[in-house]
Amino acid sequence: MDIIVGTIWLLVVLAIFTLFNYKAPYGAKAMGALASAACASFLVEAFHDSFFGSVLGLEFLKEVGMANGALSGVAAAILVAIAIGVQPGYAVLMGLAASGTGILPGFLAGYLVSFLVKWMQKKIPGGLDLILIIIVSAPLTRALALFIAPLVDNSLLQIGEILIASSESSPVIMGIILGGVITVVATAPLSSMALTAMLGLTGTPMAIGAMAVFGSSFMNYMIFHHLKLGERKDTIAFAIEPLTQADVTSANPIPIYGINFMGGACSGILVALLQMVNETPGTATPIAGFAVMFAYNPAMKVLLVGLALIVINLIVGFLGAKVFRNYPVITKQELAERDY
C-alpha cells in the first residue's frame, strides 16, 4: 500500500512542476534555474565530497563538496532571481538571506520575492531602491523560505521516505517506477537532479535514479540517431545532456518518453535486485551519478552493472527506435525552420 501512496504522490509532484514549467510566469526559466542550482550544489557535492573525498580520501575536496552542498537554497534563490530579471547584486542579496534552507524553499522564496524586487527596480528612484530592497527583500525572502521549509519536509521528504522504505519490500516494483519516472524526468524540462534532491532520496532509490540516468545516455543516443531527430552534434548533445534538446523532446514526447520509461524501468529492476546503494541525494545525472556509486559499492560491482546497463539501454534504444520508425517525428531542422 505504501508503494502505491508514494507513487501517486510522486506523480502529483511531477504534474505540479510540469504545470509550473509551462503555465507559471517565467516557469521554464525558473525550472532551468532550479536545475542549474542543483548542478552548482549537489553535483559539486557528488564529485568532491562523495567521490574525491570519500573514495580517494582528499579531505580538502571533501570540504569543497560539503560547502557547495550546504548552500543549495542560496544557489536556487540567486539563480531563479537572475532568471526572472532581477539585477545580480539584488539576486545575491536575496539568496544570502536563504542561507541554511534547502533547495526548494530557497527556490520558491526567491521566485516569489523576485517579482516584488523587479517592480521596485522599475518604480523606485535609483539609490533609494537599494535601501528599500535591502530593508524589504532580504527579510521577506528568509521569512518565506523558513515558512516553506517545514511544508517541504512534511510533504516531499515524506514521499521520499515512503519510496525508500518501499524499496526494501517491493524492490522490483520500485525499480520499475523510480527507474522509469526519473529517466523520463531527465529528458523533460524538469531536472532529475532537482527532483531526487527535493525528495531526499538515498539508498537503493537514489542508486536506481543515478544508474538509470547513466544508462539512459546510451539509449538516448540510439533514439536520436535511428529516428534521425537531428545532426550528429545534436545526437551527441542529447546523449550527454537531454535538456540541451528540450525543444526536440517536447515536440516528440511519445517516442522519447515511452522508450526512456522502458529503458529506465529495466535499469531500475537490475539495480534494485542487486541492492546497490547511493547515499548522496540529487545525483541522478549520468557522469557524476555513476562516479559517486564507487563511494558506496564495490568498484567491480559498479563497473559490471554499468557495463550491463550500457548493453541493456543500447538494446532498448535500438528496439524502441524500430517500434517508432514510422512515427511522424519532428526533427531539429524542422523546428529551426519554424522559428524563421
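With P205 as reference, L178 is the one residue of N278, V277, L178, V271 to meet the side chain to side chain contact (heavy atoms under 4.5 Å, CB included) rule. Screening L274, N297, I310 against V305 for a side chain to side chain contact (heavy atoms under 4.5 Å, CB included) leaves a single residue, L274.
Smallest separation of non-hydrogen atoms from A272 and G175: CB-CA, 4.3 Å. Across all non-hydrogen atoms, the minimal contact from G230 to F224 is N-CE2, 3.5 Å. The two residues T280 and Y296 make their nearest non-hydrogen contact at OG1-OH, 2.7 Å. Here the closest non-hydrogen pair linking A98 and R142 is C-NH1, 4.0 Å. A145 and T101 make their closest contact through CB-CG2, 3.8 Å (heavy atoms, listed as atom of the first residue, atom of the second, distance). Closest non-hydrogen pair, A81 versus A91, comes out as CB-CB, 3.7 Å.
The distance from atom CD1 of I269 to atom CD1 of I173, rounded to the nearest 0.5 Å, is 10.0 Å. Put simply, CD1 on I223 and NZ on K228 are 14.5 Å apart, with the number rounded to the nearest 0.5 Å. The structure places CG of L96 at 10.5 Å from OG1 of T141, a figure rounded to the nearest 0.5 Å. Taking CG of L61 as the start and CE of M66 as the end, the distance is 13.0 Å to the nearest 0.5 Å. The distance from the OG1 atom of T331 to the CD atom of E231 is 9.5 Å, given to the nearest 0.5 Å. With rounding to the nearest 0.5 Å, the separation of CZ in F107 from CD1 in I148 is 10.0 Å.
In this structure, N220 contributes its side chain and S217 its backbone to no donor-acceptor pair below 3.5 Å. Formation of a donor-acceptor pair under 3.5 Å by the R232 side chain with backbone atoms of H225 is not found in this model.
Two residues are said to be in side-chain contact when any heavy atoms from C-beta on lie closer than 4.5 Å; T235 and Y221 meet this criterion. Side-chain contact between S267 and T183 is absent, with no heavy atoms from C-beta onward closer than 4.5 Å. Side-chain contact between I182 and L201 is present, with at least one heavy-atom pair separated by less than 4.5 Å. Under the 4.5 Å side-chain criterion, counting only non-hydrogen atoms from C-beta, M262 is not in contact with L319. With a 4.5 Å cut-off on side-chain heavy atoms, L227 and P255 count as touching. Between M276 and V302 the shortest side-chain heavy-atom distance falls below 4.5 Å. Side chains of S114 and Y26 form no contact here, defined as non-hydrogen atoms less than 4.5 Å apart. Side-chain contact check for V316 versus I259: some heavy-atom pair is nearer than 4.5 Å.
Applying the 6.0 Å contact sphere to NZ of K301 captures more than 12 heavy atoms from other residues, nucleotides or ligands. Counting heavy atoms of neighbouring residues, nucleotides and ligands inside a 6.0 Å radius, atom NZ of K29 does not exceed 12 of them. For Y327, the OH atom counts as densely surrounded, since its 6.0 Å shell holds more than 12 non-hydrogen atoms of other residues, nucleotides or ligands.
Both I103 and Y111 belong to a common hydrophobic cluster when Ile, Leu, Val, Met, Phe, Trp and Tyr are linked at side-chain heavy-atom distances under 4.5 angstrom. Connection of F238 to I287 is established within a shared hydrophobic cluster, with ILVMFWY side chains joined at heavy-atom distances below 4.5 Å, either directly or through further cluster members. There is no path of hydrophobic side-chain contacts, each under 4.5 Å, that joins F290 to V292. By the rule that hydrophobic residues join a cluster once side-chain heavy atoms approach within less than 4.5 Å of another member, L307 and I208 end up as members of separate clusters. I84 and M94 fall within a single hydrophobic cluster, where Ile, Leu, Val, Met, Phe, Trp and Tyr side chains are chained together by heavy-atom contacts under 4.5 Å.
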Exercise for review: For the pair I134 and L93, evaluate side-chain contact (heavy atoms from CB on, under 4.5 Å) and give the outcome as yes or no after the intermediate values.
Suggested key: CA-CA 7 Å; I134 290 174; L93 182 155; 3.4 Å; yes
Check your understanding: Do V329 and F324 pass the side-chain contact (heavy atoms from CB on, under 4.5 Å) test, and can you show the C-alpha distance, the side-chain angles, and the key distance before you say yes or no?
Key -> CA-CA 9 Å; V329 298; F324 287 99; over 6 Å; no
**Study point:** Verdict with supporting geometry, S99 and V74, side-chain contact (heavy atoms from CB on, under 4.5 Å)
**Key:** CA-CA 5 Å; S99 177; V74 173; 4.0 Å; yes
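The aromatic rings of F218 and F214 sit perpendicular, their planes meeting at an angle over 60°, well past the 30° parallel limit. The aromatic rings of H226 and F318 sit perpendicular to each other, their planes meeting at more than 60°, with 30° as the lower class boundary.
Residues N260 and S216 bring no donor and acceptor atom of their side chains to less than 3.5 Å of each other.
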